[in-house]
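Have a look at the structure below before the remarks.
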Amino acid sequence: MTRVYNFSAGPAVLPQEVLQQAAEEMLDWHGSGMSVMEMSHRGKEFISIYEAAERDLRELLAVPANYRILFLQGGGIGENAIVPMNLVGRKSQPATADFVHTGSWSGKSIKEAKKYCNVNVAASSETEKFAFIPPRETWKLSKDAAYVHICTNETIDGVEFQYTPEVGDVPLVADMSSHILSRVVDVSKYGVIFGGAQKNIGPAGLTIAIVRDDLIGHALSICPSAFDWKLVAENQSMYNTPPTYGIYIAGLVFQWLKRQGGVPAMEQRNIAKAALLYDYLDSTGFYSNRIAKDCRSRMNVPFYLKDESLNEAFLAGAKERNLLQLKGHKSVGGMRASIYNAMPIEGVQALVDYLKDFEKKHG
Ligand SMILES: *Cc1c(COP(=O)(O)O)cnc(C)c1O
């Protein structure tokens, strides 16, 4: 068996230890004689898995007691509709929500929210090809917004907030799909944090929302019951059948993260991994990353070969070394290395070694 270094943006690499444990427990979870996939979500076995996952995530992110952790389906894109449907009802209609447009994912959020409320784009870096995050002092927030939406890590464009912006009393909503648990965040500064699991947490199909209590209970009447945070919270994420196997794998990832030293230790590793790659890209004219240095993502590193006619040869040579999924998103071209929590520094080193060798051969 050969395990590759998988730089996919998502679904993405998972810790090998977690996959091994899942394999060992596949047919018989803890003497139950069943796979987790076969269990009732209301049985005591699965409830214990769910409660441990919730507890461990709360501990890892230091989620305050006045926040609910919801395990949902629908993905990050689903949340683009679910968030406005749950939040704009707190205001007289039609309500306005503020957005900061920093890349493809916040762009998708803006488009979807327009179905449910007025959208004010408070700041945008679109004309500069999303090469930076508009500084907070340039944002034109509206007077009485229902919420302010940001995407704290733009998976495609490769920009990441390195701080939490102050937005006063207005709830700050963050799409953290692609960097949740990769760095320390102060959850109390946010009204809502959401993310699909398939980047940094577990398998696709699980979505996590962390919601402050006072923002629950205001869903529009058109909101599907399965996505009304009040019903979901009152039923411990079991108003409908939650993605049970995804929750189980996420729980194993949370335990793995705790063994690694938790989020602060993970953040230090991610800083080191990102520095290794960016420092090399910056040291040569053969490759380039176009993002302002203080906005670069530690998780998703887009880069370009100066001679783009070498792209196919680059990808083919990478594949020979078991360095996979390095092709950039089709909307931006070039290359992209996603180096999530589960990517070991050895994988980033192998990529840098390859970058050097390829440059030697073709530079
Ligand atoms: C991947 C991703 C999404 C989309 O998630 P889906 O599960 O495909 O709906 C949303 N936002 C960000 C930042 C992402 O990286």
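Only a predicted model underlies this, so the values are computations on that prediction, with no experimental measurement involved.
Every residue meeting the side-chain hydrogen bond (donor to acceptor under 3.5 Å, both in side chains) condition with Ser309, not counting sequence neighbours, appears here in chain and number order: Asp307. Under the side chain to side chain contact (heavy atoms under 4.5 Å, CB included) criterion, Leu14 pairs with Leu19, Ile249, Val253, sequence neighbours left out.
Taking the side chain as every heavy atom from C-beta outward, Val167 and Trp139 approach each other to under 4.5 Å. The side-chain heavy atoms of Val13 and Phe7, taken from C-beta on, include no pair separated by under 4.5 Å. Residues Ser178 and Tyr340 form a side-chain contact, since some pair of their non-hydrogen atoms from C-beta on lies under 4.5 Å apart. For the pair Asp213/Arg68, a side-chain contact is recorded, criterion being any heavy-atom separation below 4.5 Å from C-beta on. Considering only heavy atoms from C-beta on, Val187 comes within 4.5 Å of Pro64 through its side chain. Contact of the Val159 side chain with the Phe130 side chain is not registered, since no non-hydrogen atoms from C-beta on lie closer than 4.5 Å. You'll find the side chain of Tyr67 stays beyond 4.5 Å of the side chain of Val192, heavy atoms only. In this structure, the side chains of Leu276 and Lys273 stay at 4.5 Å or more apart for every pair of heavy atoms.
At least one donor-acceptor pair closer than 3.5 Å links the side chain of Asp28 to the backbone N or O of Ser32. Here the side chain of Arg136 pairs a donor or acceptor atom with the backbone of Glu166 at under 3.5 angstrom. Here the side chain of Trp229 pairs no donor or acceptor atom with the backbone of Ala219 at under 3.5 angstrom. For Gln162 (side chain) and Arg296 (main-chain N/O), a donor-acceptor pair under 3.5 Å exists by modelled atom type. Side-chain N or O atoms of Asn289 include one that pairs as donor or acceptor with a backbone N or O of Ile291 at under 3.5 Å. For the pair Glu17 (side chain) and Leu252 (backbone), a donor-acceptor distance under 3.5 Å is absent. Of the possible polar contacts, none joining the Tyr190 side chain to the Thr164 backbone as a donor-acceptor pair under 3.5 Å is found. With hydrogens and angles disregarded, no donor-acceptor distance shorter than 3.5 Å links the side chain of Arg298 to the backbone of Asn270. Judged by distance alone, with hydrogens and angles left aside, the side-chain atoms of Ser125 form no donor-acceptor pair with the main-chain N or O of Glu128 at under 3.5 Å. Side-chain N or O atoms of Asp98 include none that pairs as donor or acceptor with a backbone N or O of Ala145 at under 3.5 Å.
Taking the six-membered ring for Trp and the full ring otherwise, the centers of Tyr248 and Phe46 sit at least 6.0 Å from each other. Between Tyr280 and Tyr278, the ring centre distance reaches or exceeds 6.0 Å.
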Does Ser331 form a side-chain contact (heavy atoms from CB on, under 4.5 Å) with Ser104? I'd like the steps, not just the answer.
CA-CA 9 Å; Ser331 64; Ser104 299; 4.3 Å; yes

Do Tyr304 and Phe286 pass the side-chain contact (heavy atoms from CB on, under 4.5 Å) test, and can you show the C-alpha distance, the side-chain angles, and the key distance before you say yes or no?
CA-CA 9 Å; Tyr304 295 88; Phe286 192 81; over 6 Å; no

Kindly determine whether Tyr354 and Tyr5 satisfy side-chain contact (heavy atoms from CB on, under 4.5 Å), including the steps that lead there.
CA-CA 12 Å; Tyr354 174 62; Tyr5 287 123; over 6 Å; no

Show your reasoning for whether salt bridge (Lys or Arg N to Asp or Glu O under 4.0 Å) applies to Arg55 and Glu59.
CA-CA 6 Å; Arg55 198 167 52 236; Glu59 180 186 328; over 6 Å; no

For side-chain contact (heavy atoms from CB on, under 4.5 Å), just list the numbers for Lys129 and Asp157, CA-CA rounded to whole Å, side-chain angles, deciding distance to a tenth of an Å, and then say yes or no.
CA-CA 9 Å; Lys129 292 190 170 162; Asp157 305 274; over 6 Å; no

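Ile193 and Leu70 are assigned to two separate hydrophobic clusters, defined by single-linkage of ILVMFWY side chains at heavy-atom distances under 4.5 Å. When the side chains of ILVMFWY residues are joined at heavy-atom separations under 4.5 Å, either directly or via intervening members, Val332 and Leu310 end up in two distinct hydrophobic clusters. Under a hydrophobic clustering in which Ile, Leu, Val, Met, Phe, Trp and Tyr are joined whenever their side-chain heavy atoms come within less than 4.5 Å, directly or via other members, Val63 and Val211 fall into different clusters. Under the 4.5 Å side-chain heavy-atom criterion for grouping Ile, Leu, Val, Met, Phe, Trp and Tyr, Leu87 is connected to Val232 within one hydrophobic cluster. Hydrophobic clustering of Ile, Leu, Val, Met, Phe, Trp and Tyr side chains at less than 4.5 Å, counting indirect connections, unites Met37 with Ile47.
Side-chain contact check for Thr207 and Glu79: no donor-acceptor pair (N or O, by modelled atom type) lies under 3.5 Å. For the residue pair Ser297/His179, the side-chain donor-acceptor check at 3.5 Å is not satisfied. Asn341 and Ser182 form no side-chain donor-acceptor contact under 3.5 Å, judged by distance and modelled atom types alone.
A tilted orientation is assigned to the rings of Phe194 and His149, their planes being inclined by 30° to 60°.
Atom CD1 of Ile77 and atom NZ of Lys108 lie 4.5 Å apart (nearest 0.5 Å). Interatomic distance, Lys327 NZ to Asn311 CG, rounded to the nearest 0.5 Å: 8.5 Å. In this structure, CG on Leu215 lies 9.5 Å from CG on Asn86, to the nearest 0.5 angstrom.
Shown are Thr96, Val148, Val119, Val170; of these, the side-chain contact (heavy atoms from CB on, under 4.5 Å) with Ser142 is made only by Thr96. Considering Asp175, Asn300, Thr102, Asn200 in turn, Asn300 is the only one that fulfils the side chain to side chain donor-acceptor pair (under 3.5 Å) rule with Asn153.
For Glu320, the CD atom is loosely surrounded, since the number of other residues' heavy atoms within 6.0 Å does not exceed 12. Atom CG of Leu27 has 12 or fewer neighbouring heavy atoms from other residues, nucleotides or ligands inside a 6.0 Å radius.
Salt bridge status for Lys230 with Asp228: absent, with no side-chain N to carboxylate O gap under 4.0 Å. Arg321 has a carboxylate O that lies under 4.0 Å from a charged side-chain N of Asp357, or vice versa, which qualifies the two as a salt bridge.
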Please list every donor-acceptor pair under 3.5 Å in which a side-chain atom of residues 235-246 meets a protein atom from a residue at least two apart or in another chain.
unit_1	atom_1	unit_2	atom_2	d
Asn235	ND2	Leu231	O	2.7
Ser237	OG	Phe71	N	2.9

